[in-house]
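Residue numbers start at 1 and run along the sequence shown. Atoms within each ligand, like the ligands themselves, are counted from 1 in listed order.
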Amino acid sequence: MSRKKSSASKPAPKKFGPAKPKPTPKKPLADKTKGISALRGMKDVLPPGSADFLELRRLAEAIATAYGFGYIETPALEQASLFIRSLGKTTDVVDKEMYIFEDKDGTRIGLRPENTAAIARAFVSHGMHNWPQPVKVWYWGSMFRHDRPQAGRYREFHQFGAETLGERGPVVDAELIALAYHFLKDCGIESTVEVNSIGTLEDRQQYCVELVGYLRSKRSYLSEESKKRMVRNPLRVLDSKEEQDRAVIDEAPQIVDWLSDESKKFFMQVLEYLDELEIPYVLKPTLVRGLDYYTDTVFELYEEGVEEAAQNALGGGGRYDKLIEYLGGPATGAAGFSIGIERVLGGLQARARDAGVHEKKKGGFFLAQLGEQAKKQALVLMEGLRKGGITVSHNFAKSSLKAQLESANKLGVSHTLILGQKEVQDGTILIRNMDSGIQEVVDQKKLKVAIQKLMD
Ligand code: HAM
(Lines give C-alpha, C1' and ligand atoms only; values in the text may rest on other atoms or scores of the structure.)
Protein backbone atom coordinates (compact mmCIF):
# COMPACT_ATOMS: atom_id res chain seq x y z
CA MET A 1 0.00 0.00 0.00
CA SER A 2 1.33 3.46 -0.68
CA ARG A 3 1.90 5.52 2.40
CA LYS A 4 1.66 9.29 2.53
CA LYS A 5 4.57 11.38 3.77
CA SER A 6 3.90 13.18 7.01
CA SER A 7 4.62 16.89 6.88
CA ALA A 8 4.74 17.09 10.67
CA SER A 9 7.93 15.06 11.10
CA LYS A 10 10.52 17.92 11.00
CA PRO A 11 9.95 21.59 11.85
CA ALA A 12 10.87 23.76 8.85
CA PRO A 13 14.24 25.48 9.40
CA LYS A 14 13.91 29.21 9.99
CA LYS A 15 14.77 31.16 6.84
CA PHE A 16 16.76 34.40 6.82
CA GLY A 17 17.54 36.93 4.09
CA PRO A 18 15.23 38.52 1.54
CA ALA A 19 11.95 36.73 1.08
CA LYS A 20 11.84 34.62 -2.09
CA PRO A 21 8.99 35.41 -4.47
CA LYS A 22 6.17 32.93 -3.98
CA PRO A 23 5.75 30.53 -6.91
CA THR A 24 2.62 31.29 -8.92
CA PRO A 25 0.09 28.58 -8.03
CA LYS A 26 -0.87 26.37 -10.94
CA LYS A 27 -4.40 26.99 -12.18
CA PRO A 28 -6.68 24.14 -11.16
CA LEU A 29 -7.95 22.24 -14.17
CA ALA A 30 -11.56 22.94 -13.19
CA ASP A 31 -11.00 26.53 -14.40
CA LYS A 32 -10.15 25.24 -17.83
CA THR A 33 -13.25 23.08 -17.98
CA LYS A 34 -15.47 26.16 -17.72
CA GLY A 35 -16.82 25.27 -14.32
CA ILE A 36 -17.47 21.60 -15.11
CA SER A 37 -16.18 19.50 -12.24
CA ALA A 38 -16.91 16.03 -10.91
CA LEU A 39 -20.31 15.74 -9.25
CA ARG A 40 -20.46 16.28 -5.49
CA GLY A 41 -19.62 13.11 -3.60
CA MET A 42 -18.05 11.45 -6.67
CA LYS A 43 -14.36 11.32 -7.33
CA ASP A 44 -11.70 10.27 -9.79
CA VAL A 45 -9.42 7.39 -8.85
CA LEU A 46 -5.97 8.52 -9.98
CA PRO A 47 -2.45 7.12 -9.93
CA PRO A 48 -0.45 6.63 -7.79
CA GLY A 49 -3.25 6.07 -5.23
CA SER A 50 -5.15 3.96 -7.75
CA ALA A 51 -2.47 1.27 -7.30
CA ASP A 52 -3.87 0.63 -3.79
CA PHE A 53 -7.37 0.43 -5.26
CA LEU A 54 -6.21 -2.18 -7.79
CA GLU A 55 -4.31 -4.06 -5.09
CA LEU A 56 -7.49 -4.34 -3.00
CA ARG A 57 -9.35 -5.63 -6.03
CA ARG A 58 -6.62 -8.21 -6.58
CA LEU A 59 -6.83 -9.29 -2.93
CA ALA A 60 -10.63 -9.50 -3.21
CA GLU A 61 -10.42 -11.69 -6.31
CA ALA A 62 -7.75 -13.93 -4.76
CA ILE A 63 -9.61 -14.58 -1.51
CA ALA A 64 -13.08 -14.92 -3.06
CA THR A 65 -11.72 -17.41 -5.59
CA ALA A 66 -9.95 -19.34 -2.84
CA TYR A 67 -13.28 -19.62 -0.97
CA GLY A 68 -14.90 -21.00 -4.13
CA PHE A 69 -16.86 -17.92 -5.30
CA GLY A 70 -17.30 -17.17 -9.03
CA TYR A 71 -17.32 -13.60 -10.35
CA ILE A 72 -20.68 -11.98 -11.20
CA GLU A 73 -21.36 -8.65 -12.80
CA THR A 74 -24.85 -7.19 -13.00
CA PRO A 75 -25.86 -3.89 -14.67
CA ALA A 76 -25.41 -0.62 -12.80
CA LEU A 77 -28.96 0.32 -13.80
CA GLU A 78 -32.04 -1.73 -12.92
CA GLN A 79 -35.75 -1.07 -12.74
CA ALA A 80 -36.15 1.22 -9.75
CA SER A 81 -38.90 -1.03 -8.37
CA LEU A 82 -36.36 -3.85 -7.83
CA PHE A 83 -34.59 -1.86 -5.11
CA ILE A 84 -37.74 -0.22 -3.73
CA ARG A 85 -39.38 -3.60 -3.19
CA SER A 86 -36.26 -5.45 -2.01
CA LEU A 87 -34.72 -2.91 0.36
CA GLY A 88 -38.05 -1.47 1.57
CA LYS A 89 -39.81 1.82 0.89
CA THR A 90 -39.18 3.23 4.34
CA THR A 91 -35.44 2.52 4.50
CA ASP A 92 -33.10 5.51 4.30
CA VAL A 93 -31.43 4.07 1.20
CA VAL A 94 -34.70 4.01 -0.77
CA ASP A 95 -36.49 6.90 0.90
CA LYS A 96 -33.65 9.42 0.87
CA GLU A 97 -30.67 8.22 -1.11
CA MET A 98 -31.69 6.49 -4.34
CA TYR A 99 -30.94 7.96 -7.75
CA ILE A 100 -34.16 7.43 -9.70
CA PHE A 101 -34.95 8.82 -13.14
CA GLU A 102 -37.07 8.11 -16.19
CA ASP A 103 -35.25 7.08 -19.34
CA LYS A 104 -36.34 8.03 -22.86
CA ASP A 105 -38.82 5.13 -22.97
CA GLY A 106 -40.45 6.32 -19.75
CA THR A 107 -39.02 3.37 -17.75
CA ARG A 108 -38.33 4.22 -14.10
CA ILE A 109 -34.64 3.47 -13.64
CA GLY A 110 -32.70 3.13 -10.40
CA LEU A 111 -28.91 3.47 -10.16
CA ARG A 112 -27.96 0.55 -7.95
CA PRO A 113 -27.47 1.62 -4.33
CA GLU A 114 -26.26 -1.91 -3.50
CA ASN A 115 -25.91 -5.21 -5.32
CA THR A 116 -27.73 -7.90 -3.33
CA ALA A 117 -31.15 -7.14 -4.84
CA ALA A 118 -29.65 -7.21 -8.36
CA ILE A 119 -27.99 -10.57 -7.69
CA ALA A 120 -31.25 -12.00 -6.34
CA ARG A 121 -32.93 -10.67 -9.51
CA ALA A 122 -30.24 -12.34 -11.65
CA PHE A 123 -30.74 -15.61 -9.69
CA VAL A 124 -34.43 -15.58 -10.65
CA SER A 125 -33.88 -14.29 -14.25
CA HIS A 126 -31.39 -17.06 -15.06
CA GLY A 127 -33.20 -19.87 -13.23
CA MET A 128 -30.11 -20.36 -11.05
CA HIS A 129 -32.12 -22.59 -8.71
CA ASN A 130 -31.51 -25.26 -11.41
CA TRP A 131 -27.73 -24.83 -11.12
CA PRO A 132 -25.77 -26.94 -8.63
CA GLN A 133 -26.58 -25.44 -5.21
CA PRO A 134 -25.41 -23.31 -3.55
CA VAL A 135 -24.52 -20.65 -6.11
CA LYS A 136 -21.58 -18.69 -4.70
CA VAL A 137 -20.76 -15.35 -6.36
CA TRP A 138 -18.52 -12.37 -5.63
CA TYR A 139 -18.59 -8.87 -7.11
CA TRP A 140 -16.77 -5.56 -7.20
CA GLY A 141 -18.31 -2.38 -8.52
CA SER A 142 -19.69 1.11 -8.12
CA MET A 143 -22.79 1.74 -6.02
CA PHE A 144 -24.68 5.03 -5.90
CA ARG A 145 -26.38 6.73 -2.95
CA HIS A 146 -27.40 10.38 -2.82
CA ASP A 147 -26.16 10.67 0.72
CA ARG A 148 -24.69 13.81 2.35
CA PRO A 149 -21.01 13.56 1.37
CA GLN A 150 -18.60 13.40 4.32
CA ALA A 151 -15.58 11.35 5.36
CA GLY A 152 -16.16 7.75 4.30
CA ARG A 153 -19.50 8.61 2.69
CA TYR A 154 -19.67 9.19 -1.04
CA ARG A 155 -22.38 9.30 -3.68
CA GLU A 156 -20.48 6.84 -5.85
CA PHE A 157 -18.46 4.27 -3.93
CA HIS A 158 -17.18 0.76 -4.52
CA GLN A 159 -18.15 -2.47 -2.86
CA PHE A 160 -16.52 -5.86 -2.77
CA GLY A 161 -19.16 -8.40 -1.87
CA ALA A 162 -20.01 -12.09 -1.86
CA GLU A 163 -23.35 -13.90 -1.81
CA THR A 164 -24.20 -17.57 -1.28
CA LEU A 165 -27.60 -18.43 -2.72
CA GLY A 166 -29.47 -21.73 -2.46
CA GLU A 167 -28.50 -22.90 1.02
CA ARG A 168 -29.89 -22.17 4.46
CA GLY A 169 -27.23 -23.28 6.87
CA PRO A 170 -25.36 -21.57 9.72
CA VAL A 171 -22.07 -22.69 8.21
CA VAL A 172 -22.81 -20.47 5.18
CA ASP A 173 -23.14 -17.39 7.39
CA ALA A 174 -19.94 -18.28 9.24
CA GLU A 175 -18.06 -18.81 5.99
CA LEU A 176 -19.17 -15.41 4.66
CA ILE A 177 -18.17 -13.68 7.89
CA ALA A 178 -14.81 -15.46 7.76
CA LEU A 179 -14.30 -14.36 4.15
CA ALA A 180 -15.06 -10.71 4.98
CA TYR A 181 -12.86 -10.85 8.09
CA HIS A 182 -9.91 -12.43 6.29
CA PHE A 183 -10.19 -10.05 3.34
CA LEU A 184 -9.75 -7.15 5.75
CA LYS A 185 -6.88 -8.98 7.43
CA ASP A 186 -5.22 -9.46 4.02
CA CYS A 187 -5.57 -5.71 3.53
CA GLY A 188 -3.76 -5.17 6.84
CA ILE A 189 -6.86 -4.32 8.90
CA GLU A 190 -7.72 -6.09 12.15
CA SER A 191 -11.47 -6.02 12.50
CA THR A 192 -14.18 -6.95 14.97
CA VAL A 193 -17.42 -8.51 13.83
CA GLU A 194 -20.64 -7.36 15.49
CA VAL A 195 -23.41 -9.97 15.16
CA ASN A 196 -27.06 -10.29 15.97
CA SER A 197 -30.09 -12.24 14.85
CA ILE A 198 -33.30 -10.49 13.86
CA GLY A 199 -35.21 -13.77 13.41
CA THR A 200 -38.00 -14.43 10.96
CA LEU A 201 -40.57 -11.92 9.73
CA GLU A 202 -43.07 -13.34 12.23
CA ASP A 203 -40.59 -13.04 15.14
CA ARG A 204 -40.00 -9.47 14.13
CA GLN A 205 -43.67 -8.55 13.87
CA GLN A 206 -44.27 -9.69 17.45
CA TYR A 207 -41.14 -7.95 18.67
CA CYS A 208 -42.12 -4.69 16.93
CA VAL A 209 -45.42 -4.58 18.86
CA GLU A 210 -43.43 -4.75 22.10
CA LEU A 211 -40.81 -2.27 20.85
CA VAL A 212 -43.36 0.32 19.73
CA GLY A 213 -45.12 0.09 23.10
CA TYR A 214 -41.80 0.74 24.84
CA LEU A 215 -40.78 3.59 22.49
CA ARG A 216 -44.18 5.28 22.94
CA SER A 217 -43.63 5.29 26.69
CA LYS A 218 -40.27 7.08 26.12
CA ARG A 219 -41.43 9.28 23.23
CA SER A 220 -40.54 12.58 24.90
CA TYR A 221 -36.87 11.52 25.23
CA LEU A 222 -36.47 10.59 21.58
CA SER A 223 -34.96 12.71 18.79
CA GLU A 224 -37.30 14.07 16.11
CA GLU A 225 -35.90 11.58 13.55
CA SER A 226 -36.56 8.63 15.88
CA LYS A 227 -40.12 9.85 16.55
CA LYS A 228 -40.72 9.67 12.80
CA ARG A 229 -39.02 6.26 12.51
CA MET A 230 -41.09 4.92 15.38
CA VAL A 231 -44.17 5.29 13.17
CA ARG A 232 -42.70 4.32 9.81
CA ASN A 233 -40.11 1.64 10.67
CA PRO A 234 -39.66 1.17 14.44
CA LEU A 235 -36.71 -1.23 14.14
CA ARG A 236 -34.69 1.57 12.60
CA VAL A 237 -34.89 3.54 15.87
CA LEU A 238 -32.38 0.99 17.24
CA ASP A 239 -29.99 2.10 14.49
CA SER A 240 -30.12 5.76 15.53
CA LYS A 241 -26.75 7.50 15.92
CA GLU A 242 -28.29 10.40 17.90
CA GLU A 243 -26.76 10.75 21.36
CA GLN A 244 -30.19 11.73 22.70
CA ASP A 245 -31.62 8.30 21.74
CA ARG A 246 -28.83 6.22 23.28
CA ALA A 247 -30.27 5.76 26.79
CA VAL A 248 -33.70 4.79 25.40
CA ILE A 249 -32.15 2.29 22.97
CA ASP A 250 -29.91 0.75 25.63
CA GLU A 251 -32.96 -0.03 27.80
CA ALA A 252 -35.15 -1.24 24.92
CA PRO A 253 -36.45 -4.83 24.81
CA GLN A 254 -34.01 -7.04 22.89
CA ILE A 255 -35.01 -8.89 19.76
CA VAL A 256 -33.14 -12.09 20.77
CA ASP A 257 -35.83 -12.63 23.43
CA TRP A 258 -38.45 -12.82 20.68
CA LEU A 259 -36.66 -15.30 18.44
CA SER A 260 -38.40 -18.57 17.57
CA ASP A 261 -36.64 -21.74 18.77
CA GLU A 262 -35.46 -22.44 15.24
CA SER A 263 -33.93 -18.98 14.78
CA LYS A 264 -32.33 -19.16 18.21
CA LYS A 265 -30.76 -22.52 17.43
CA PHE A 266 -29.59 -21.28 14.02
CA PHE A 267 -27.95 -18.24 15.61
CA MET A 268 -26.21 -20.33 18.29
CA GLN A 269 -24.79 -22.56 15.56
CA VAL A 270 -23.46 -19.56 13.62
CA LEU A 271 -21.66 -18.42 16.78
CA GLU A 272 -20.25 -21.91 17.37
CA TYR A 273 -18.80 -21.94 13.85
CA LEU A 274 -17.30 -18.50 14.41
CA ASP A 275 -15.69 -19.78 17.63
CA GLU A 276 -14.34 -22.74 15.72
CA LEU A 277 -12.92 -20.45 13.02
CA GLU A 278 -11.46 -18.16 15.72
CA ILE A 279 -13.20 -15.09 14.33
CA PRO A 280 -13.46 -12.42 17.04
CA TYR A 281 -17.06 -11.23 17.39
CA VAL A 282 -19.24 -9.28 19.78
CA LEU A 283 -22.97 -9.76 20.24
CA LYS A 284 -24.79 -6.51 19.44
CA PRO A 285 -28.48 -6.85 20.45
CA THR A 286 -29.41 -3.52 18.80
CA LEU A 287 -27.87 -4.35 15.42
CA VAL A 288 -30.74 -4.50 12.89
CA ARG A 289 -29.12 -3.17 9.65
CA GLY A 290 -30.75 -0.59 7.46
CA LEU A 291 -32.33 -2.79 4.77
CA ASP A 292 -35.64 -4.66 5.01
CA TYR A 293 -34.66 -7.92 3.29
CA TYR A 294 -32.75 -9.42 6.21
CA THR A 295 -33.86 -12.46 8.22
CA ASP A 296 -31.94 -14.18 11.05
CA THR A 297 -28.20 -13.41 11.07
CA VAL A 298 -27.01 -9.83 10.59
CA PHE A 299 -23.45 -8.57 11.04
CA GLU A 300 -21.14 -5.60 10.57
CA LEU A 301 -17.36 -5.29 10.57
CA TYR A 302 -15.50 -2.47 12.27
CA GLU A 303 -11.85 -1.66 12.42
CA GLU A 304 -10.64 -2.87 15.80
CA GLY A 305 -10.80 -0.12 18.38
CA VAL A 306 -13.14 2.18 16.45
CA GLU A 307 -16.46 0.32 16.94
CA GLU A 308 -18.08 3.38 18.48
CA ALA A 309 -17.86 5.42 15.30
CA ALA A 310 -20.90 3.58 14.06
CA GLN A 311 -21.02 5.38 10.73
CA ASN A 312 -17.69 3.85 9.86
CA ALA A 313 -18.68 0.22 9.41
CA LEU A 314 -16.23 -1.22 6.93
CA GLY A 315 -18.80 -3.72 5.77
CA GLY A 316 -21.96 -5.53 6.65
CA GLY A 317 -24.31 -8.24 5.59
CA GLY A 318 -26.61 -10.99 6.67
CA ARG A 319 -29.13 -13.63 5.67
CA TYR A 320 -32.07 -12.87 3.38
CA ASP A 321 -34.08 -16.08 3.08
CA LYS A 322 -37.27 -14.45 1.75
CA LEU A 323 -35.89 -12.12 -0.93
CA ILE A 324 -35.70 -14.51 -3.89
CA GLU A 325 -39.21 -15.78 -3.28
CA TYR A 326 -40.38 -12.19 -2.96
CA LEU A 327 -38.90 -11.46 -6.40
CA GLY A 328 -40.78 -14.36 -7.99
CA GLY A 329 -38.29 -17.22 -7.52
CA PRO A 330 -38.63 -20.40 -5.46
CA ALA A 331 -38.04 -20.37 -1.67
CA THR A 332 -34.26 -20.01 -1.46
CA GLY A 333 -32.00 -19.54 1.52
CA ALA A 334 -29.31 -16.90 0.90
CA ALA A 335 -26.78 -14.74 2.70
CA GLY A 336 -24.00 -12.30 1.83
CA PHE A 337 -21.94 -9.26 2.74
CA SER A 338 -20.44 -6.15 1.15
CA ILE A 339 -17.38 -4.17 2.14
CA GLY A 340 -16.95 -0.47 1.29
CA ILE A 341 -13.63 -0.09 -0.51
CA GLU A 342 -13.24 3.66 0.09
CA ARG A 343 -13.61 3.02 3.82
CA VAL A 344 -10.94 0.32 3.74
CA LEU A 345 -8.60 2.65 1.81
CA GLY A 346 -9.40 5.52 4.18
CA GLY A 347 -8.62 3.32 7.20
CA LEU A 348 -5.33 2.18 5.72
CA GLN A 349 -4.22 5.70 4.84
CA ALA A 350 -5.16 7.08 8.25
CA ARG A 351 -3.21 4.32 9.92
CA ALA A 352 -0.16 4.86 7.74
CA ARG A 353 -0.25 8.56 8.70
CA ASP A 354 -0.67 7.81 12.42
CA ALA A 355 2.18 5.34 12.42
CA GLY A 356 4.38 7.95 10.76
CA VAL A 357 5.33 5.54 8.03
CA HIS A 358 7.05 7.84 5.59
CA GLU A 359 8.96 5.62 3.26
CA LYS A 360 7.32 4.02 0.29
CA LYS A 361 8.80 0.59 -0.34
CA LYS A 362 10.92 0.66 -3.47
CA GLY A 363 10.15 -1.71 -6.28
CA GLY A 364 9.88 -2.05 -10.04
CA PHE A 365 12.08 -1.17 -12.99
CA PHE A 366 12.54 1.86 -15.23
CA LEU A 367 14.12 1.86 -18.67
CA ALA A 368 16.12 4.97 -19.60
CA GLN A 369 17.32 5.42 -23.19
CA LEU A 370 19.81 7.81 -24.76
CA GLY A 371 19.49 8.57 -28.46
CA GLU A 372 17.18 7.53 -31.30
CA GLN A 373 18.73 4.08 -31.79
CA ALA A 374 18.46 3.32 -28.07
CA LYS A 375 14.82 4.44 -28.00
CA LYS A 376 13.98 1.94 -30.76
CA GLN A 377 15.90 -0.84 -29.05
CA ALA A 378 14.23 0.05 -25.73
CA LEU A 379 10.81 -0.51 -27.30
CA VAL A 380 11.91 -3.95 -28.55
CA LEU A 381 13.34 -4.90 -25.14
CA MET A 382 10.24 -3.73 -23.26
CA GLU A 383 7.97 -5.69 -25.59
CA GLY A 384 10.02 -8.84 -24.90
CA LEU A 385 9.90 -8.23 -21.14
CA ARG A 386 6.17 -7.51 -21.22
CA LYS A 387 5.58 -10.86 -22.98
CA GLY A 388 7.56 -12.46 -20.19
CA GLY A 389 5.25 -10.87 -17.60
CA ILE A 390 7.68 -8.10 -16.57
CA THR A 391 6.47 -4.50 -16.66
CA VAL A 392 9.00 -1.71 -17.01
CA SER A 393 8.23 2.01 -16.70
CA HIS A 394 9.79 4.61 -18.99
CA ASN A 395 9.57 8.26 -19.95
CA PHE A 396 10.20 8.63 -23.66
CA ALA A 397 9.29 12.33 -23.51
CA LYS A 398 12.56 13.01 -21.67
CA SER A 399 15.88 12.62 -23.49
CA SER A 400 18.57 13.43 -20.88
CA LEU A 401 19.69 10.69 -18.49
CA LYS A 402 19.37 13.08 -15.53
CA ALA A 403 15.70 13.83 -16.29
CA GLN A 404 14.93 10.15 -16.79
CA LEU A 405 16.62 9.18 -13.52
CA GLU A 406 14.51 11.87 -11.82
CA SER A 407 11.37 10.24 -13.26
CA ALA A 408 12.59 6.84 -12.05
CA ASN A 409 13.16 8.25 -8.57
CA LYS A 410 9.68 9.78 -8.47
CA LEU A 411 8.20 6.41 -9.35
CA GLY A 412 10.22 4.85 -6.52
CA VAL A 413 11.68 2.05 -8.64
CA SER A 414 14.46 -0.08 -7.22
CA HIS A 415 16.46 -0.36 -10.47
CA THR A 416 16.89 1.60 -13.70
CA LEU A 417 17.94 -0.11 -16.92
CA ILE A 418 20.13 2.24 -18.97
CA LEU A 419 20.51 1.88 -22.71
CA GLY A 420 22.93 4.25 -24.53
CA GLN A 421 24.55 4.24 -28.00
CA LYS A 422 27.43 2.05 -26.78
CA GLU A 423 25.11 -0.54 -25.21
CA VAL A 424 22.99 -0.69 -28.39
CA GLN A 425 26.10 -1.45 -30.41
CA ASP A 426 27.55 -4.13 -28.14
CA GLY A 427 24.21 -5.71 -27.22
CA THR A 428 24.42 -4.93 -23.49
CA ILE A 429 22.44 -2.84 -20.98
CA LEU A 430 23.29 -1.30 -17.61
CA ILE A 431 21.29 -2.14 -14.49
CA ARG A 432 21.57 0.60 -11.90
CA ASN A 433 20.61 0.06 -8.26
CA MET A 434 18.78 3.27 -7.36
CA ASP A 435 19.78 3.15 -3.69
CA SER A 436 23.48 2.35 -3.95
CA GLY A 437 24.11 3.79 -7.44
CA ILE A 438 26.04 0.61 -8.32
CA GLN A 439 25.69 -0.39 -11.97
CA GLU A 440 26.30 -3.73 -13.63
CA VAL A 441 26.57 -4.54 -17.31
CA VAL A 442 24.31 -7.30 -18.56
CA ASP A 443 23.94 -8.97 -21.94
CA GLN A 444 20.57 -7.87 -23.40
CA LYS A 445 19.75 -11.52 -24.11
CA LYS A 446 20.11 -12.28 -20.40
CA LEU A 447 18.16 -9.24 -19.22
CA LYS A 448 14.99 -11.11 -18.34
CA VAL A 449 16.86 -13.64 -16.19
CA ALA A 450 18.80 -10.84 -14.47
CA ILE A 451 15.56 -8.95 -13.68
CA GLN A 452 13.88 -12.07 -12.38
CA LYS A 453 16.83 -12.68 -10.07
CA LEU A 454 16.53 -9.14 -8.70
CA MET A 455 12.77 -9.55 -8.27
CA ASP A 456 13.28 -12.76 -6.29
P1 HAM B 1 -24.61 -1.69 3.47
O2 HAM B 1 -24.37 -1.77 4.92
O3 HAM B 1 -25.65 -0.72 3.01
O4 HAM B 1 -24.95 -3.16 2.97
O5 HAM B 1 -23.26 -1.34 2.74
C6 HAM B 1 -22.11 -2.12 2.93
C7 HAM B 1 -20.89 -1.23 3.05
O8 HAM B 1 -20.81 -0.31 1.94
C9 HAM B 1 -20.89 -0.30 4.26
O10 HAM B 1 -20.48 -0.99 5.42
C11 HAM B 1 -19.88 0.75 3.84
O12 HAM B 1 -18.56 0.29 4.04
C13 HAM B 1 -20.14 0.86 2.36
N14 HAM B 1 -20.97 2.05 2.09
C15 HAM B 1 -22.30 2.16 2.21
N16 HAM B 1 -22.71 3.41 1.87
C17 HAM B 1 -21.59 4.10 1.56
C18 HAM B 1 -21.33 5.45 1.12
N19 HAM B 1 -22.30 6.32 0.93
N20 HAM B 1 -20.04 5.80 0.87
C21 HAM B 1 -19.03 4.91 1.04
N22 HAM B 1 -19.21 3.63 1.44
C23 HAM B 1 -20.48 3.23 1.69
C24 HAM B 1 -25.20 -3.49 1.68
O25 HAM B 1 -24.96 -2.78 0.74
C26 HAM B 1 -25.72 -4.89 1.51
N27 HAM B 1 -25.92 -5.15 0.08
C28 HAM B 1 -24.77 -5.89 2.13
C29 HAM B 1 -25.21 -7.30 1.92
C30 HAM B 1 -24.76 -8.16 0.99
N31 HAM B 1 -26.14 -7.92 2.60
C32 HAM B 1 -26.29 -9.15 2.13
N33 HAM B 1 -25.47 -9.29 1.13
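With sequence neighbours excluded, no residue forms a side chain to side chain donor-acceptor pair (under 3.5 Å) with Tyr67.
Of all the atoms in ligand 1, the ones that sit under 4.0 Å from a non-hydrogen atom of Gly152 are 20 (N), 21 (C), 22 (N). Each of the following atoms of ligand 1 lies closer than 4.0 Å to a heavy atom of Tyr294: 26 (C), 28 (C), 29 (C), 31 (N), 32 (C). For ligand 1 and Tyr293, the ligand atoms under 4.0 Å from any heavy atom of the residue are 26 (C), 27 (N), 29 (C), 31 (N). Near Glu114, meaning under 4.0 Å from one of its heavy atoms, ligand 1 places the atoms 25 (O), 26 (C), 27 (N).
Looking at Phe366 and Leu405, their side chains never come closer than 4.5 Å, going by heavy atoms from C-beta outward. Taking 4.5 Å as the limit, some side-chain heavy atom of Glu175 sits within range of a side-chain heavy atom of Lys136.
A donor-acceptor pair shorter than 3.5 Å cannot be found between the side chains of Tyr302 and Glu304. Side chains of Arg204 and Thr200: a donor-acceptor N/O pair is absent below 3.5 angstrom, by distance only. Side chains of Ser263 and Asp296: a donor-acceptor N/O pair is present below 3.5 angstrom, by distance only.
The shortest non-hydrogen separation linking Lys218 to Val248 is CB-CG1, 3.7 Å. Nearest heavy atoms, Thr297 versus Asp173: OG1-OD2, 2.7 Å.
Among the atoms of Tyr320, none of the N or O lies under 3.5 angstrom from an N or O of ligand 1. For ligand 1, none of its N or O atoms has an N or O atom of Gly317 under 3.5 Å away. The shortest N/O to N/O separation between Glu342 and ligand 1 does not fall below 3.5 Å. Taking only nitrogen or oxygen atoms, main chain and side chain alike, Ala313 reaches within less than 3.5 Å of ligand 1. For the pair Tyr139 and ligand 1, the shortest N or O to N or O distance does not fall below 3.5 Å. Checked against a 3.5 angstrom limit, the closest N/O atoms of Gly340 and ligand 1 fall inside it. Considering backbone and side-chain atoms together, Glu163 places an N or O closer than 3.5 Å to an N or O of ligand 1.
The protein heavy-atom contact nearest to atom 1 (P) of ligand 1 is Arg289 NH2, 3.5 Å. Atom 15 (C) of ligand 1 has its closest protein heavy atom at Arg145 NH1, 3.5 Å. Of the protein's heavy atoms, Phe157 CE1, 3.4 Å lies nearest to atom 14 (N) of ligand 1. The shortest contact between atom 20 (N) of ligand 1 and any protein heavy atom is with Tyr154 N, 2.9 Å. Summary of contacts: the protein heavy atom closest to atom 32 (C) of ligand 1 is Gly336 O, 3.3 Å. For atom 11 (C) of ligand 1, the closest non-hydrogen atom on the protein side is Arg343 NH1, 3.4 Å. If you check which protein heavy atom lies closest to atom 5 (O) of ligand 1, you get Gln159 NE2, 3.3 Å.
Annotation: the span from Leu314 atom CG to Asn312 atom CG amounts to 7.5 Å, rounded to 0.5 Å.
Of all the heavy atoms of Phe144, none lies under 4.0 Å from any atom of ligand 1, so neither backbone nor side chain is involved. Under 4.0 angstrom from ligand 1, the non-hydrogen atoms of Arg153 come from both its backbone and its side chain.
Tyr71 has its ring centre no less than 6.0 Å from the ring centre of Tyr139. The six-membered or imidazole ring of Trp138 lies away from that of Phe337, with a centre-to-centre distance of 6.0 Å or more.
Ring geometry, Tyr99 versus His146: the interplanar angle exceeds 60°, so the pair is classed perpendicular (tilted spans 30 to 60°).
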